[in-house]
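Accompanying notes for the structure given below.
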Amino acid sequence: MAFNKFTDAATAVGLIKDGDTVALVGGGGGLVEASCLFAAVEKRFLETGHPRDLTVVHALGIGDRKTRGMNCFAHEGMVKRVIGGHWVWSPRMQALARENKIEAYVLPGGVTMQLFREIGAGRPGLFTHVGLGTFVDPRIEGGRMNSRAKDDLVEVVEIDGRELLRYRTFPVNIAVIRGSFADAHGNISLDQEAANLDIYAAALAAHNSGGKVIAQVRTAVDVGVLPARSVRVPGAIVDAVVVDPTQSITYDVVHDPTLSGEIKGPLPPAPEPPFSVRQVIARRAADELYDGAVLNYGFGIPDGVAKLVAARGHLDRYYQTIEHGTYGGALLDGTLFGFARNATAMIDGPSQFDFYSGGGLDIAFLGFGEIDASGNVNVSKLAGTTVGPGGFIDIAQNARKVVFCGTFDTKGTELELGGGRLRIARNGDVCKLVKQVEQITFSGAISRRRGQEVVYVTERAVFRLSDDGLVLTEVAPGIDVRRDVLERLEFAPQVPRDPALINPAHFNP
């Protein structure tokens with residue numbers, strides 16, 4: 001038999017029919033995003049009105065907060081339902097969800113990746129403890145993010161006396177994936193990509209559902225050129241391949257072999273992060289580190305801990321991981337969060353989440369939007385806007401120790417740092433330590449049941465989770481505990497007679 005699966009983008013996306021369920025892969029910043037194909041789908045819809053009424057499923061955030069990624073699908077009528085792990089990179093899709101123009105659901109990022117694998121394997125669902133007690137638990141919200149979302153995507157089951165969640169499977173009609181190289185038979189190599197993510201799992205789900213797999217690559221090669229070890233998606237499950245010679249490893253970087261793991265290269269000197277309140281929080285959070293720990297850093301303030309580790313020359317003292325499937329190296333931040341330079345290993349995303357789900361992480365440094373009296377944390381829905389947790393639930397629920405990092409309040413806060421002290425010049429208008437969080441992304445009750453160590457670090461106070469709720473354990477030097485902390489909370493934490501002082505050195509430039 002002779003195969004030639006190369007085709008143009010318009011023909012490839014013509015395989016997508018009205019009403020299809022489409023699996024997308026990506027990780028923000030352009031990470032393994034099939035940008036050419038996304039744009040072709042959008043162009044077809046704007047010109048013809050098709051495909052329409054799609055169900056789009058993605059595990060992590062995809063886009064640039066403007067026009068790319070999930071923003072290409074954010075057109076009224078084009079998408080009927082979105083099941084997304086993280087939505088921040090697509091303000092357009094967030095708006096459609098907020099305005100009830102689509103059915104909006106959120107599932108944990110790792111769960112979504114693993115669910116693709118279960119769909120591909122023909123199993124009856126993903127059975128896991130991940131999500132218990134959070135907003136994806138059907139006894140709370142079932143992952144529904146607006147009033148148009150009415151279906152039950154998850155149910156509670158009991159197996160051998162153990163309470164679990166069953167995430168229901170569904171057919172996947174189309175998977176849109178990306179690789180680096182492909183041959184005419186459809187064999188796909190990821191050798192010049194910065195992560196594997198759930199590329200194979202999504203492709204498997206579509207193929208074994210009787211659907212189609214559409215791949216974008218940068219370079220076409222002759223049949224037989226790709227070493228078997230380089231092929232991550234075999235041609236047997238690929239239906240169409242589109243070559244985009246302008247494809248780049250990130251939105252802004254055409255290619256960097258130290259990001260793709262092809263070579264090790266010299267690292268630029270890691271600068272000490274600029275002195276700020278974020279730096280103060282990161283310094284205190286870093287006090288929780290210990291040699292040999294397996295770590296994960298969340299987006300935002302927590303990646304300041306990663307910067308400190310690099311600046312101190314301590315990369316070799318810990319095992320750093322990213323949920324995308326990457327180990328080691330120097331972690332990038334901002335729009336390139338999820339990329340690592342000089343990584344030591346890259347595995348598939350579903351396997352990485354297996355590691356997390358089983359308790360492989362020693363410490364997770366994660367952000368927070370809100371914290372409440374029960375120790376619950378919200379990062380997934382803020383002021384009515386769908387944010388999504390990405391891999392937050394999978395990670396936070398299973399790490400042996402969780403260190404939440406964030407500012408005490410926000411919007412208009414004015415702080416004076418220096419001299420080993422903190423002074424509050426103006427409190428923020430928005431309190432982040434509230435009586436009850438808007439949405440439960442991390443469950444204090446489930447955490448206590450699992451025996452986790454949980455620390456909540458802000459610039460003016462540190463709390464720990466106990467059987468009776470939050471305990472104030474440390475305060476910043478220079479503040480008045482009652483005026484600057486207790487009277488600014490919406491609940492009353494436990495307070496020992498003399499809370500310890502946060503290390504004054506953290507407040508010096």
Side-chain angles (χ1 to χ4, degrees), residues 28-29 65 88 269-289 295-315 318 320 322 330-340 363-371 377-379 382 387 390 392 395-396 401-433 442 454-463 474-479 484-485 488 501-509:
R65 300 181 190 257
V88 163
E272 182 76 16
F275 184 61
S276 67
V277 64
R278 297 168 67 94
Q279 171 79 327
V280 169
I281 296 169
R283 288 175 177 180
R284 172 56 190 87
D287 290 345
E288 301 294 325
L289 289 165
L295 312 176
N296 175 273
Y297 304 103
F299 182 75
I301 289 180
D303 68 33
V305 182
K307 292 189 182 75
L308 278 179
V309 169
R312 293 170 177 174
H314 293 171
L315 289 175
Y318 317 105
Q320 298 185 146
I322 308 174
L331 309 185
L332 279 63
D333 62 359
T335 58
L336 295 183
F337 176 80
F339 292 80
I363 311 175
F365 295 94
L366 302 171
F368 67 84
E370 296 177 317
I371 300 169
V377 173
N378 171 28
V379 300
L382 300 169
V387 177
F392 181 100
I395 294 165
K401 177 193 287 189
V402 189
V403 183
F404 293 109
C405 311
T407 56
F408 186 87
D409 58 17
T410 188
K411 196 176 181 181
T413 310
E414 295 178 10
L415 305 173
E416 295 178 4
L417 307 170
R421 299 168 65 84
L422 168 68
R423 192 179 80 82
I424 315 298
R426 182 187 186 280
N427 286 294
D429 296 332
V430 177
C431 178
K432 296 172 66 176
L433 281 82
F442 172 83
V454 185
V455 187
Y456 308 82
V457 178
T458 76
E459 78 285 353
R460 69 178 78 172
V462 176
F463 303 85
E474 300 173 44
V475 295
I479 68 163
D484 297 328
V485 177
R488 304 299 305 176
L501 284 182
I502 300 173
N503 186 348
H506 296 338
F507 297 87
N508 291 327

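What you are looking at is a predicted structure, and each value in this text was computed from that prediction instead of being measured.
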R421: what forms a side-chain contact (heavy atoms from CB on, under 4.5 Å) with it, not counting sequence neighbours? none
For A285, side-chain contact (heavy atoms from CB on, under 4.5 Å) partners two or more places apart: V305, F365, V403, C405
Before giving the answer on side chain to side chain contact (heavy atoms under 4.5 Å, CB included), spell out for D287 and H506 the whole-Å C-alpha distance, their side-chain angles and the decisive distance to 0.1 Å. CA-CA 10 Å; D287 290 345; H506 296 338; 2.8 Å; yes
Mark yes or no for whether D409, through its side chain, and G428, through its backbone, hold a donor-acceptor pair below 3.5 Å. yes
One pair to check against side chain to side chain contact (heavy atoms under 4.5 Å, CB included): E416 and F507. What are the steps and the verdict? CA-CA 9 Å; E416 295 178 4; F507 297 87; over 6 Å; no
Answer yes or no on whether K432 is positioned over the face of F368, meaning its NZ or CZ is under 6.0 Å from the six-membered ring centre and within 45° of the axis. yes
Find the distance between [atom1] ([X]) and [atom2] ([Y]) and round it off to the nearest 0.5 Å.
X    : Y    : atom1 : atom2 : value
E474 : R460 : CD    : CZ    : 15.5 Å
Y318 : L289 : OH    : CG    : 4.5 Å
I502 : L422 : CD1   : CG    : 8.5 Å
F408 : I371 : CZ    : CD1   : 9.5 Å
E370 : N378 : CD    : CG    : 5.0 Å
T407 : I301 : OG1   : CD1   : 5.5 Å

Can D303 and K307 be said to form a salt bridge (charged side-chain N to carboxylate O under 4.0 Å, His left out), step by step? CA-CA 6 Å; D303 68 33; K307 292 189 182 75; 3.0 Å; yes
Let me see the working for F404 and F442 under side chain to side chain contact (heavy atoms under 4.5 Å, CB included), right down to the final yes or no. CA-CA 11 Å; F404 293 109; F442 172 83; 3.7 Å; yes
Contacts of [X] that satisfy side chain to side chain donor-acceptor pair (under 3.5 Å) - sequence neighbours left out:
X    : result
T335 : none
E459 : none
N508 : none
E288 : R284, K401, R464

Do V387 and V379 have side chains that approach each other closer than 4.5 Å (heavy atoms only, starting at C-beta)? no
Less than 4.5 Å apart, side chain to side chain, heavy atoms only: is that true for Y297 and D333? no
